[in-house]
Novice: 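There's a structure below that I have some questions on.
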Amino acid sequence: MTDVVTRIAPSPTGEAHVGTAYVALFNWAWAHKNDGRFILRIEDTDQARSKREYEDGIYEALAWLGIESDESPAAGGAHGPYRQSERSAVYAEHAAQLIASGNAYRCFCTAERLAELRQFQKAAKGRLGYDGHCRDIAPAEAAERAKNETHVVRLAVDREGSTRWHDLLRGEIVIANEEDDDQELVKSDGMPTYHMANVVDDHMMGVSIVMRAEEWIPSTPKHVMLYAAFGWEPPTFAHVPLLRNRDKSKISKRKNPTSLIWYRDAGYLPETMVNFLALQGWSPREDDEEFAVAEFVNKFNPRDISLGGPVFDMTKLDWLNGEKIRKLSLDDLAERIIEGGFAGDWSPDHLREVLPLFQDRMKSLKDFVPLAGYIRGRPELDLEGLAKKTKKVDPAVLADMLRDAARRLEEFDGHADEEKEAALRLIAEKREVKPGAIFMALRVAVTGATASPPLFPSIDAVGFEESMARVRDLAEHLAAPA
RNA sequence: GGCCCCAUCGUCUAGUCAGGUCAGGACACCAGGUUUUCAUCCUGGCAACACGGGUUCGAAUCCCGUUGGGGUCACCA
């Protein structure tokens, strides 16, 4: 079996995209599983839109996810450079080769003529695309004119017949050649277009399987033609589905967060993202959908990718993140919160001390600070919620019980929680009030909310004195006439 | 609009290639249990083969058509 060589070839024209990570993940996993190579190639041939900061963003995001490349602009490798803007000579040489073999030709048409042509074609409701105007210029003449006229290089596409390939996921795909026009291979600025650079690089870098998004299907014939024109064996193509918005359209930042760093900053664990992304099209045979990266790599096969365009569902992402957070050790979780910048001004020691109270309640690393806020400062009291939960109890009685409770808790300081609980129950029973009421009142007094971590540990975390002060304050408030 | 891709619960999916278990799981939702609340955890429930033909003893599965959704038609990738 030949070596498995895969790649991800993002264009640094925007923030690192979740779709890039999705496709990268499959490519990385497959290479990894087969002890092959995974290449990160930067496709920065669009000089106007490509930016170095975006390229850095791609490295940062992939590193965050643990998707490490064997060859890349940063890591180097035997087939570099891996930044297309640094490979101009390679493309020029190959373009010349195609021109010489008659598979490509120089085109001197101006942007204006092309615009007019397009307008005319639209008006006539005819087929859009280049009309081959410069295709018949004698090669010698074209070469002469090229010395001082700006021009592009176009692929000379067969007008007849059709082009086919066997897609690993979709089987035989056949597209009539008349669907393709003579696509630009080299732009007037000398840079190659995607089609040209992509084919040349994949071949030279030894890529064995091209796993990419399905939006590339319509332009694959051009690539197949190019491989043929060069006399090269094309790689295996596997077109994976596109991630979708809720309305099924291609995922976009207008309708979904698409920036990988956004997810990091929102408190998602990288392993959550990897697990979730893997689930978009792939599934473990077992029932458990929560799995580790290594397990995925071990079982993954691109053949098993399902083809329906998966809707990116944040609800399930949140569940998965909570699941992963719960499985973390306390130390690990604390470190993630601190290292990730989610600790606010909590000291590491204090954070670690109270973290057990909140681990089960977090869906995001971001949840800790708001959840634990009551421990370090007087919380806003949810009086309305308390009133709702203690409807049948007179506020004055509640206040009275609260004072009583504070005294009892002082007496029972140092005793087991069970004993404290029993003592508090007595307070309620004495007044023929449901025990729940007193616990709820204490809970709101100490934590501010009707839903909180367990009461006694919360009191310990807040500090006994401070907790009792809060209890008395609430009692006073409730006793005051409305 | 032309071309191409796709089609199982609301969502992610198993099952489709080699037709034959009440179409399985997960998320969400609902109900119950545990918990002094919440969360966790446990139990149960709701919920799908887009439609129409054909082939077959038998179709989610194979074929055709329809419908629906998506992608693409740049000197962007």
Side-chain angles (χ1 to χ4, degrees), chain A residues 9-13 43-46 48-50 84 107 109 111 114 118 122 125-130 150-154 167 169-171 173-176 178-181 183-189 191-195 197-198 213-221 239 241-242 244 246-250 276 279-290 303-304 306-320 322-323 326 357-363 371 385 389 421 424-425 428 434-440 442-444 447 449-456:
Chain A
S11 187
T13 54
E43 308 223 326
D44 57 349
T45 54
D46 183 339
R49 294 199 303 150
S50 294
Q84 289 185 330
C107 168
C109 292
L114 261 23
R118 196 169 301 127
K122 263 188 183 166
K125 293 190 198 286
R127 189 175 293 284
L128 298 171
Y130 185 62
T150 60
H151 61 281
V152 301
V153 176
R154 291 179 181 276
D167 193 281
L169 301 176
R170 297 157 200 266
I173 298 179
V174 185
I175 297 178
E178 61 174 10
E179 293 301 325
D180 276 290
D181 65 352
Q183 177 64 42
E184 286 88 352
L185 262 22
V186 179
K187 303 185 241 184
S188 57
D189 68 359
M191 279 287 179
T193 59
Y194 169 85
H195 308 292
N198 178 264
E214 64 177 323
E215 60 186 329
W216 292 107
I217 292 176
S219 49
T220 302
H239 288 96
L242 242 17
R244 310 297 181 94
R246 193 155 275 293
D247 65 5
K248 303 271 189 184
S249 56
K250 175 164 81 168
F276 180 77
L279 243 21
Q280 307 298 293
W282 183 83
S283 82
R285 290 305 151 107
E286 296 71 41
D287 293 339
D288 200 357
E289 297 193 341
E290 192 269 333
R303 285 171 194 280
D304 298 330
S306 62
L307 298 177
V311 172
F312 196 93
D313 179 13
M314 300 276 287
T315 308
K316 193 160 187 171
L317 183 69
D318 285 340
W319 161 76
L320 199 54
E323 232 8 54
R326 265 170 253 129
L357 255 30
F358 305 101
Q359 184 170 22
D360 282 357
R361 294 170 172 76
M362 295 169 59
K363 280 187 184 308
L371 242 26
K389 299 265 184 190
E421 184 181 332
L424 293 180
R425 281 179 183 282
K434 273 195 193 159
I438 182 63
F439 290 111
M440 187 51 77
L442 285 166
R443 179 182 314 287
V444 171
T447 72
T450 56
S452 79
L455 182 59
F456 297 124

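Chain letters run A, B, ... following the sequence lines, proteins first and then strands; every chain starts at 1. Just the heavy atoms: all of them, side chains too, but no hydrogens, waters or symmetry mates, feed the values below.
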Novice: Distance check, C1' atoms only: B/G45 and B/C27, in whole angstrom units.
Specialist: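 Approximately 16 Å lies between the C1' atom of B/G45 and that of B/C27.
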Novice: Can you check whether A/Ala449's main-chain N or O pairs, donor with acceptor, with A/Thr447's side chain at less than 3.5 Å?
Specialist: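 Looks like yes, one N/O pair under 3.5 Å.
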Novice: Have a look at A/Leu442 and say if it touches a base, only the backbone sugar-phosphate, or nothing, with a 4.0 Å heavy-atom cut-off.
Specialist: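 Touches nothing.
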Novice: If we take the C1' atom in both B/A60 and B/G52, what is their distance in whole Å?
Specialist: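 It comes out at 16 Å once rounded to the nearest Å.
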Novice: With P as the reference atom in both, quote the distance from B/C4 to B/C9 in angstrom, rounded to an integer.
Specialist: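 Straight-line distance between the two P atoms is 26 Å.
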Novice: Would you measure the distance from the P atom in B/C12 across to the matching atom in B/U56 and give it in whole Å?
Specialist: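 Going atom to atom, P in each nucleotide, I get 36 Å.
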Novice: Suppose we screen for side chain to side chain contact (heavy atoms under 4.5 Å, CB included). Which residues come up paired with A/Ala437, at least two apart in sequence or across chains?
Specialist: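 In terms of side chain to side chain contact (heavy atoms under 4.5 Å, CB included), with neighbours along the sequence ignored, A/Ala437 is linked to A/Thr390, A/Val393, A/Leu398, A/Val433.
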Novice: Distance between the P atoms of B/U37 and B/G32, in whole angstroms?
Specialist: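 14 Å, rounded to whole Å.
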Novice: Which nucleotide, if any, forms a Watson-Crick or G-U wobble pair with B/G19, using both distances under 3.5 Å?
Specialist: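 B/G19 is paired with nothing.
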Novice: Give none if B/A7 has no partner; otherwise give the nucleotide forming a Watson-Crick or G-U wobble pair with it, both distances under 3.5 Å.
Specialist: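 The answer is B/U67, by the H-bond criterion.
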Novice: Report the residues that fulfil side chain to side chain contact (heavy atoms under 4.5 Å, CB included) with A/Thr13, sequence neighbours left out, ordered by chain and then residue number.
Specialist: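 If we apply the side chain to side chain contact (heavy atoms under 4.5 Å, CB included) test to A/Thr13, skipping adjacent residues, the hits are A/Ser11, A/Arg49, A/Ser50.
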Novice: For A/Tyr130, enumerate each residue passing the ring pair (Phe, Tyr, Trp, His ring centres under 6.0 Å) test, keeping only those at least two apart in sequence or located in another chain.
Specialist: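 Residues passing ring pair (Phe, Tyr, Trp, His ring centres under 6.0 Å) with A/Tyr130: none at all.
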Novice: Could you check how far CG of A/Leu320 sits from P of B/C27, rounded to whole Å?
Specialist: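 Atom CG in A/Leu320 sits about 10 Å away from atom P in B/C27.
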Novice: Among residues at least two apart in sequence or on other chains, which ones pass side chain to side chain contact (heavy atoms under 4.5 Å, CB included) with A/Val186?
Specialist: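 By the side chain to side chain contact (heavy atoms under 4.5 Å, CB included) rule, A/Val186 matches A/Ala95, A/Val153.
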Novice: With the sugar-phosphate defined as primed atoms, P, OP1 and OP2, and the base as all remaining atoms, what B/S/- string results for nucleotides 5-14 of chain B, 5' to 3', for protein heavy atoms under 4.0 Å?
Specialist: SS----SBSS
Novice: Could you list the residues that satisfy salt bridge (charged side-chain N to carboxylate O under 4.0 Å, His left out) with A/Arg361, not counting sequence neighbours?
Specialist: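 Salt bridge (charged side-chain N to carboxylate O under 4.0 Å, His left out) list for A/Arg361, sorted by chain: empty.
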Novice: Mind checking side chain to side chain contact (heavy atoms under 4.5 Å, CB included) for A/Pro310 and listing every partner two or more places apart, or none if nothing turns up?
Specialist: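 A/Pro310: side chain to side chain contact (heavy atoms under 4.5 Å, CB included) contacts with A/Tyr22, A/Pro241, A/Leu243, A/Gln280.
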Novice: Which nucleotides of nucleotides 30-51 of chain B have their base under 4.0 Å from a protein heavy atom (B), which only their sugar-phosphate (S), and which neither (-), written as one string 5' to 3'?
Specialist: ------BBBBSS----------
Novice: Closer than 3.5 angstrom, by distance alone: can the side chain of A/Glu214 be matched with the main-chain N or O of A/His239 as a donor-acceptor pair?
Specialist: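 A pair under 3.5 Å: no.
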Novice: With P as the reference atom in both, quote the distance from B/C73 to B/G54 in angstrom, rounded to an integer.
Specialist: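 The answer is 41 Å between these two P atoms.
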Novice: Any chance you could list the contact pattern along nucleotides 72-77 of chain B? Use B for base contacts, S for sugar-phosphate-only contacts and - for none, protein heavy atoms under 4.0 Å, 5' to 3'.
Specialist: S-SBBB
Novice: Would you confirm whether A/Asp360, through its side chain, and A/Arg326, through its main-chain N or O, come within 3.5 Å as a donor-acceptor pair?
Specialist: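 No: the side chain of A/Asp360 does not pair with the backbone of A/Arg326.
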Novice: With rounding to the closest Å, how many angstrom separate the P atoms on B/A48 and B/G24?
Specialist: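 Per the computed distance, 11 Å lies between those P atoms.
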Novice: Applying a 3.5 Å limit to both distances, which nucleotide forms a Watson-Crick or G-U wobble pair with B/C49?
Specialist: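 Checking every strand shown, B/C49 finds no partner, since no pair has both distances under 3.5 Å.
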Novice: Provide the distance between the two P atoms, one in B/A14 and one in B/G25, to the nearest whole Å.
Specialist: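 It comes out at 15 Å once rounded to the nearest Å.
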Novice: Using whole Å, report how far CD of A/Glu178 lies from P of B/C4.
Specialist: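 In whole Å, B/C4 P and A/Glu178 CD are 10 Å from each other.
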Novice: Using purine N1 to pyrimidine N3 plus N6-O4 or O6-N4 for Watson-Crick, or N1-O2 and O6-N3 for G-U wobble, each under 3.5 Å, what pairs with B/G32?
Specialist: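 Per the H-bond distance test, B/C42.
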Novice: List for me each residue that meets ring pair (Phe, Tyr, Trp, His ring centres under 6.0 Å) alongside A/Trp216, sequence neighbours excluded, and say none if there are none.
Specialist: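 So A/Trp216 forms a ring pair (Phe, Tyr, Trp, His ring centres under 6.0 Å) with A/Tyr194.
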Novice: Considering residues at least two apart in sequence or located in another chain, which fulfil the salt bridge (charged side-chain N to carboxylate O under 4.0 Å, His left out) criterion with A/Asp167?
Specialist: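 None.
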Novice: Which residues pass the salt bridge (charged side-chain N to carboxylate O under 4.0 Å, His left out) test with A/Lys250, sequence neighbours left out?
Specialist: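 For A/Lys250 the salt bridge (charged side-chain N to carboxylate O under 4.0 Å, His left out) partners, ignoring immediate neighbours, are A/Glu215.
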